[in-house]
Protein chains: 2
Amino acid sequence: MPKKHSDLADKAYEQIRGLILRYELRPGQHIDLIRTSQRLGVSFTPVREALRRLAQEELVSHIPNKGFSVREISVEEAECLYGVREALEAYGIEAAATRMSPDSLGEIARLSEMYHQSVLEKIDRKRFLLDKLFHIRIAEVSGNFVLVRMLEQILDKIIMKIRLEGMPRDRGPIAYQEHLEILDALKSQDPRRAVAVLRKHLSNAREGMVSFLRSRLISPELSVEEEIA
Amino acid sequence: MPKKHSDLADKAYEQIRGLILRYELRPGQHIDLIRTSQRLGVSFTPVREALRRLAQEELVSHIPNKGFSVREISVEEAECLYGVREALEAYGIEAAATRMSPDSLGEIARLSEMYHQSVLEKIDRKRFLLDKLFHIRIAEVSGNFVLVRMLEQILDKIIMKIRLEGMPRDRGPIAYQEHLEILDALKSQDPRRAVAVLRKHLSNAREGMVSFLRSRLISPELSVEEEIA
DNA sequence: TAATATTCTATTTTATACAATCTTGTCAAA
DNA sequence: TTTGACAAGATTGTATAAAATAGAATATTA
């Protein structure tokens with residue numbers, strides 16, 4: 001009988017990571033060791049090791065003698081993340097464009113349609129996941145597994161930021177159209193066009209994100225004023 | 001004020017990382033918890049947490065119930081690393097080219113000359129460090145700190161691989177010339193040329209590395225014998 | 001003899017107790 | 001208001017024991 005995970009620290013890592021990405025632990029929130037280990041039904045030791053890993057990954061921050069907390073991603077950092085994302089994905093799609101198998105193309109087309117569905121249904125959680133998968137699958141075809149791993153971490157952080165703060169409402173359908181263009185470039189095995197279309201797609205997305213985040217930046221102070229009044 | 005609880009796990013992390021990058025712990029070697037914690041003069045706990053972090057960073061591998069060992073980087077992975085490196089650095093230098101201050105340019109020029117010195121002196125350790133600093137400083141000017149952190153991790157792994165296995169002998173002086181070309185492109189604030197020259201530089205370096213590693217692949221036993229002797 | 005179970009041992013992993021240290025907030029004195 | 005002592009609570013590090021596991025050694029079976 002094969003046991004799935006016999007590594008509690010590993011399990012704790014996956015679980016806490018999930019809690020963070022699903023906002024059951026919110027950015028800025030202190031992560032209480034006792035509470036968390038009770039929640040997961042294990043002792044401190046594996047939880048602590050999990051948190052160290054997450055700190056290395058920069059999903060949580062650690063201040064010596066003060067403990068762990070869920071990392072807050074600033075607008076500036078989100079922009080940096082997008083910059084790196086563009087560089088990585090552009091490289092990935094260029095390599096992938098000439099290696100696309102019919103199977104891969106089919107899979108990516110399928111993901112596009114599912115993405116479209118989630119846009120129509122307005123289910124954010126599903127939509128962000130499918131968007132991520134669309135981009136990851138393309139990167140995977142490049143054959144560069146180092147790239148894939150890094151991109152996953154980048155995307156998770158970007159999603160963590162924008163899923164909390166929100167995005168322009170009309171972005172979804174446009175993104176779907178852009179996905180179709182990317183797919184089309186991939187079908188015609190045209191690396192240069194694929195790169196160009198992808199770059200356009202990502203720069204649009206970044207623009208939307210940044211302007212939206214900056215516009216929101218004014219309101220939290222207002223709410224403080226409101227509270228005083 | 002005596003600070004005793006100032007994060008031993010962090011210190012252990014830095015120390016073990018150093019041991020790995022300096023080959024005092026060799027790729028493939030099992031990392032004994034007892035021995036290592038004695039060596040660092042601390043108990044298991046901080047060492048274990050450090051190793052978890054290093055596993056997350058993929059400098060050590062972890063097999064449940066078997067423990068930790070220094071990661072071995074294959075030729076394929078080294079190629080992947082180089083691919084990502086090119087993508088990241090190309091993006092970085094493009095952003096940096098228009099933001100170069102005279103100070104930054106001076107610093108980078110100085111690093112180039114020190115690199116040249118280390119090539120002439122044939123001190124590998126110094127040479128690899130200065131090469132890394134040259135590339136990192138340029139990336140820093142981009143202002144994208146996410147990029148810098150990722151690049152540092154990539155470069156450390158590449159260095160870890162090629163410092164152990166070796167590089168073509170004549171690569172040093174050529175690399176120096178290429179560094180000068182990069183510097184020149186930066187001085188003239190020409191992003192496109194900077195990117196082009198950098199890409200050429202890195203693809204030359206990758207070529208050299210890959211062909212050298214593949215040629216060594218035939219006689220790995222020999223090299224081990226030599227190193228022991 | 002070969003294949004398969006079954007101990008056994010060493011190591012890793014987890015849990016827990018405890019001490020040392022650090023942070024923070026409180027309260028009184030300046 | 002500021003300062004500093006102090007207590008309460010949390011974090012960190014150590015030590016140690018219990019549980020789980022892998023790998024080797026041994027025994028059993030066919």
Side-chain angles (χ1 to χ4, degrees), chain A residues 1-20 24-72 227-228, chain B residues 1-20 24-72:
Chain A
M1 42 197 133
K3 277 205 172 180
K4 193 107 195 295
H5 279 272
S6 61
D7 191 338
L8 286 188
D10 235 33
K11 223 187 279 180
Y13 167 80
E14 298 290 352
Q15 291 191 80
I16 297 172
R17 199 173 192 279
L19 291 178
I20 291 172
E24 295 181 42
L25 294 168
R26 309 198 98 224
Q29 184 180 337
H30 177 80
I31 301 175
D32 190 49
L33 254 193
I34 301 170
R35 205 189 310 275
T36 308
S37 49
Q38 282 172 348
R39 188 172 183 177
L40 305 185
V42 296
S43 72
F44 309 138
T45 317
V47 175
R48 205 143 208 301
E49 290 175 9
L51 288 173
R52 288 282 189 186
R53 279 181 67 184
L54 288 162
Q56 176 68 23
E57 197 180 345
E58 299 191 286
L59 279 175
V60 316
S61 74
H62 173 72
I63 301 169
N65 298 314
K66 287 198 61 179
F68 299 88
S69 58
V70 181
R71 214 151 143 250
E72 297 183 275
E227 280 185 58
I228 292 168
Chain B
M1 279 290 196
K3 283 202 170 184
K4 209 176 178 198
H5 283 192
S6 62
D7 208 344
L8 286 187
D10 224 36
K11 271 176 208 153
Y13 167 79
E14 297 291 350
Q15 291 190 79
I16 297 171
R17 201 173 191 280
L19 291 177
I20 292 171
E24 294 180 44
L25 294 167
R26 302 183 63 94
Q29 183 181 337
H30 176 80
I31 301 175
D32 190 48
L33 252 194
I34 301 171
R35 203 190 307 277
T36 308
S37 50
Q38 282 171 349
R39 187 173 182 175
L40 304 185
V42 297
S43 70
F44 305 142
T45 315
V47 174
R48 205 144 206 299
E49 290 176 6
L51 289 172
R52 288 281 189 189
R53 280 181 65 185
L54 288 162
Q56 177 66 25
E57 196 180 345
E58 299 191 288
L59 277 176
V60 316
S61 74
H62 172 72
I63 301 168
N65 300 315
K66 285 200 63 180
F68 299 88
S69 58
V70 181
R71 199 133 166 269
E72 297 182 274

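Proteins come first, then strands; the chains are lettered A, B, ... in the order of their sequence lines, and each starts at number 1.
The interatomic distance linking A:Gln38 (CD) with C:dT16 (P) rounds to 11 Å, in whole Å. Atom NE2 of A:His62 is separated from atom P of C:dC22 by 14 Å (rounded to the nearest Å). B:Lys11 places its NZ atom 11 Å from the P atom of D:dT14, with the value rounded to the nearest Å. For the pair A:Tyr13 OH and C:dT13 P, the interatomic distance rounds to 17 Å; values are reported in whole Å. Summarising the geometry, the separation between CZ on A:Phe44 and C1' on C:dT16 is reported as 8 Å, rounded to the nearest angstrom. Rounded to a whole Å, the CG atom of B:Leu33 is 7 Å from the P atom of C:dT13. At whole-Å resolution of the value, CG in B:Asp7 and C1' in C:dT21 are 13 Å apart.
Judged by distance alone, the side chains of B:Ser61 and B:Ser69 do bring a donor and an acceptor atom under 3.5 Å apart. Residues A:His62 and B:Asp10 bring no donor and acceptor atom of their side chains to less than 3.5 Å of each other.
Here D:dT12 is the nucleotide among C:dT13, C:dT16, D:dT12 with the atom lying nearest to any side-chain atom of A:Arg48. In the set D:dT14, C:dA15, D:dT21, the nucleotide with an atom closest to the side chain of B:Asn65 is D:dT21. When each of D:dT11, D:dG13, C:dT14 is scored by its nearest atom to the side-chain atoms of A:Asp32, the top-ranked nucleotide is D:dT11. Closest to the side chain of B:His30, from the set C:dT12, D:dT12, C:dT14, is C:dT12. With C:dT16, D:dG23, C:dT23 as the choices, the nucleotide that has an atom nearest any side-chain atom of B:Lys66 turns out to be D:dG23. Of the candidate nucleotides D:dG13, C:dT14, D:dT11, D:dG13 has the atom lying nearest to any side-chain atom of B:Ser43. For B:Phe68, whose side chain is taken as the heavy atoms from C-beta onward, the closest listed nucleotide among C:dT13, D:dG13, C:dA15 is C:dT13.
Residues B:Ser6 and B:Lys11 approach most closely at OG-NZ, 3.1 Å, considering heavy atoms. Taking both residues in full, the closest heavy atoms of B:Leu59 and B:Ile20 are given as O-CD1, 4.4 Å, listed atom of the first, atom of the second, then distance.
Residue A:Arg35 is classed as having no contact, given no heavy-atom separation below 4.0 Å to the nucleic acid.
Between A:Thr45 and C:dT14, a side-chain N or O to OP1/OP2 separation shorter than 4.0 Å is absent.
B:Arg53 places no side-chain N or O within 3.5 Å of a backbone atom of A:Gln56 that could act as its donor or acceptor partner.
Map B:Ile63 and A:Pro64 each onto its nearest nucleotide of DNA chain C; the residue landing nearer the 5' end is B:Ile63.
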